[in-house]
Amino acid sequence: MQRKLLIVEDEPDIAHLVQKHLQDAGYDADIASNGAAAMELFRKNSYQLVILDLMLPDTDGLTLCRKMRSTEEYVAILMLTAKSTELDRVLGLEMGADDYLTKPFSVPELMARIKALFRRIDALKEGGNNITEQESIKRGGLYIDVNKRSVQVEGELVDLTAREFDLLLFFARHPGRVFSRIQLLDKVWGYNHDGYEHTVNSHINRLRSKIEKDPSEPQYVLTVWGVGYKFRDQRSES
C-alpha cells in the first residue's frame, strides 16, 4: 500500500520541493499551507505521516500537533522548525511529535528521517505481532494498552509523548535485556547517528519522571552502568 503523507508548510517553494522528492520516492503527498487547511485534509484522509512546520500563518505547529494527537488514529509527526533551542525541541516532543528537523535542512536528511520513522513504526507493529498479537502488557503496577497507546501506573493514567510511549513499549517487550544508547536510537528512533546519544538520556529521564514512584530509585527502567539501560524482568523475580 502506498504511504500517504501530509506536508504542512506555508513556504510554497519548500512545500513543493518536499512534495516532489516524496513523489519521486513513491509516496503520495498532499500540501496544506495553513493550519485550517491542514486539519480539513487531516480529517478527510488517512495519513501515515505529517511533516509539520512549527510556524504557520494562522496557528502554530504545537497547537496543530496537539489537535492531531487528540484523534484516535495514530499518525507519525515530523516537526520542522526554524528555531534550534532545546526548549522548542522539547515542547514539540512533549506535544506529541515523533521527531524534529531544524531549518535549513537537506532533502537527503529529511528523506532519511521519514524512512526511519516508517521503519520504526513497522518494527513496533511487527513486535506486537510477535507477542501473540497481545493488546496489553502488564509489569507489576505498570499497564500498557498497546492498541490505545495508553499507560497506567497503579491505576492512574500517565500522559506520555509518542516517543516516550514507543521507548517504554520497546523496553517492556524485552524485559531483562540490556540496550546501549546507540541500540535504542536504532530500534526506537530509527537512526543511530553519533552525537544523538543525549537524546536517549533526556527521554529516559522524562519517562522515569512519569512512571517511577521515585525516579532516583527506578523500579522499571534501570541503568546498567557503563553499558546502557534495561527493563526490569519482574517475571524472573517472582
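One finds a salt bridge joining Glu9 and Lys103 here, because a Lys/Arg side-chain nitrogen approaches an Asp/Glu carboxylate oxygen to under 4.0 Å. Electrostatic pairing of Asp233 and Arg139 does not count as a salt bridge here, judged by no charged N lying under 4.0 Å from a carboxylate O. A salt bridge links Asp24 with Lys20: the closest approach of a Lys/Arg side-chain nitrogen to an acidic carboxylate oxygen falls below 4.0 angstrom.
The side-chain hydrogen bond (donor to acceptor under 3.5 Å, both in side chains) search around Ser216 returns Asp214, not counting sequence neighbours. In this structure Asp13 satisfies the side-chain hydrogen bond (donor to acceptor under 3.5 Å, both in side chains) test with no other residue, sequence neighbours excluded. The ring pair (Phe, Tyr, Trp, His ring centres under 6.0 Å) search around Phe179 returns Phe170, His174, not counting sequence neighbours. The salt bridge (Lys or Arg N to Asp or Glu O under 4.0 Å) test applied to Glu40 returns Lys44, not counting sequence neighbours. The salt bridge (Lys or Arg N to Asp or Glu O under 4.0 Å) check on Asp60 picks up nothing, with sequence neighbours excluded. Partners of Gln23 under the side-chain contact (heavy atoms from CB on, under 4.5 Å) rule, at least two apart in sequence or in another chain, are Gln19.
Annotation for Leu56 and Ser33: closest pair CD2-O, 4.4 Å, computed over non-hydrogen atoms. Heavy atoms only, all atoms of each residue included: Ala15 and Ile7 are closest at O-CD1, 3.9 Å. Between Leu54 and Met79 the shortest heavy-atom distance is CD1-SD, 3.9 Å. For the pair Ile137 and Ala172, the tightest heavy-atom approach, listed with the atom from each and the gap, is CG2-CB, 4.2 Å. The minimum heavy-atom distance linking Pro57 with Asn34 is given by the pair CG-CB, 4.0 Å. Pairing each heavy atom of Ala37 with each of Ala32, the nearest pair is C-CB, 3.9 Å.
Side-chain atoms of Lys138 come within 3.5 Å of backbone atoms of Gly140 as a donor-acceptor pair (strictly under, hydrogens ignored). Listed for the Asp30 side chain is no donor-acceptor partner under 3.5 Å among the backbone atoms of Leu6. Side chain of Arg208 to backbone of Val221: a donor-acceptor contact under 3.5 angstrom is found. Remark: the backbone N or O of Tyr220 is paired with a side-chain donor or acceptor of Glu212 at under 3.5 angstrom. In this structure a side-chain-to-backbone donor-acceptor pair under 3.5 Å is missing from Asn45 to Tyr47.
Atom CZ in Phe171 sits 13.5 Å away from atom CZ in Arg232 (nearest 0.5 Å). Note: Ile31 CD1 to Ile14 CD1 = 11.5 Å, rounded to the nearest 0.5 Å. Going from atom CZ of Phe165 over to atom NZ of Lys148 covers 12.0 Å, rounded to the nearest 0.5 Å. Summarising the geometry, atom CG belonging to Leu64 is positioned 8.5 Å from atom CZ belonging to Phe42; distances are rounded to the nearest 0.5 Å. Here the CG atom belonging to Leu49 is positioned 5.5 Å from the CG atom belonging to Leu117, to the nearest 0.5 angstrom. If you take CD on Glu154 and CD1 on Ile211, they are separated by 11.5 Å, rounding to the nearest 0.5 Å.
Counting non-hydrogen atoms of neighbouring residues, nucleotides and ligands closer than 6.0 angstrom, the NZ atom of Lys67 reaches no more than 12 such neighbours. The 12-atom threshold is exceeded at CD of Gln2, counting heavy atoms of other residues, nucleotides or ligands nearer than 6.0 Å.
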Test log, rule side-chain contact (heavy atoms from CB on, under 4.5 Å), inputs Ser136 and Ile144 | CA-CA 5 Å; Ser136 63; Ile144 305 172; over 6 Å; no
Is there a side-chain contact (heavy atoms from CB on, under 4.5 Å) between Arg173 and Val146 once you walk through the steps?
-> CA-CA 11 Å; Arg173 282 175 169 163; Val146 180; 3.4 Å; yes
Run the numbers on Val151 and Leu157 for side-chain contact (heavy atoms from CB on, under 4.5 Å), then give the verdict.
-> CA-CA 6 Å; Val151 174; Leu157 196 63; over 6 Å; no
Check against side-chain contact (heavy atoms from CB on, under 4.5 Å), Met68 and Ile77 | CA-CA 9 Å; Met68 291 177 175; Ile77 297 177; 4.2 Å; yes
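You'll find the side chain of Val107 stays beyond 4.5 Å of the side chain of Val18, heavy atoms only. Residues Phe105 and Leu80 have side chains in contact (heavy-atom distance under 4.5 Å, counting atoms from C-beta outward).
A chain of hydrophobic side-chain contacts below 4.5 Å, direct or via other Ile, Leu, Val, Met, Phe, Trp or Tyr residues, connects Leu52 to Leu41.
At a cut-off of 3.5 Å, with distance as the only test, a side-chain donor of Tyr229 or Asn201 sits close to an acceptor on the other residue.
In this structure, Arg3 satisfies the cation-pi test against Phe118, with its NZ or CZ atom closer than 6.0 Å to the six-membered ring centre and inside 45 degrees of the ring normal.
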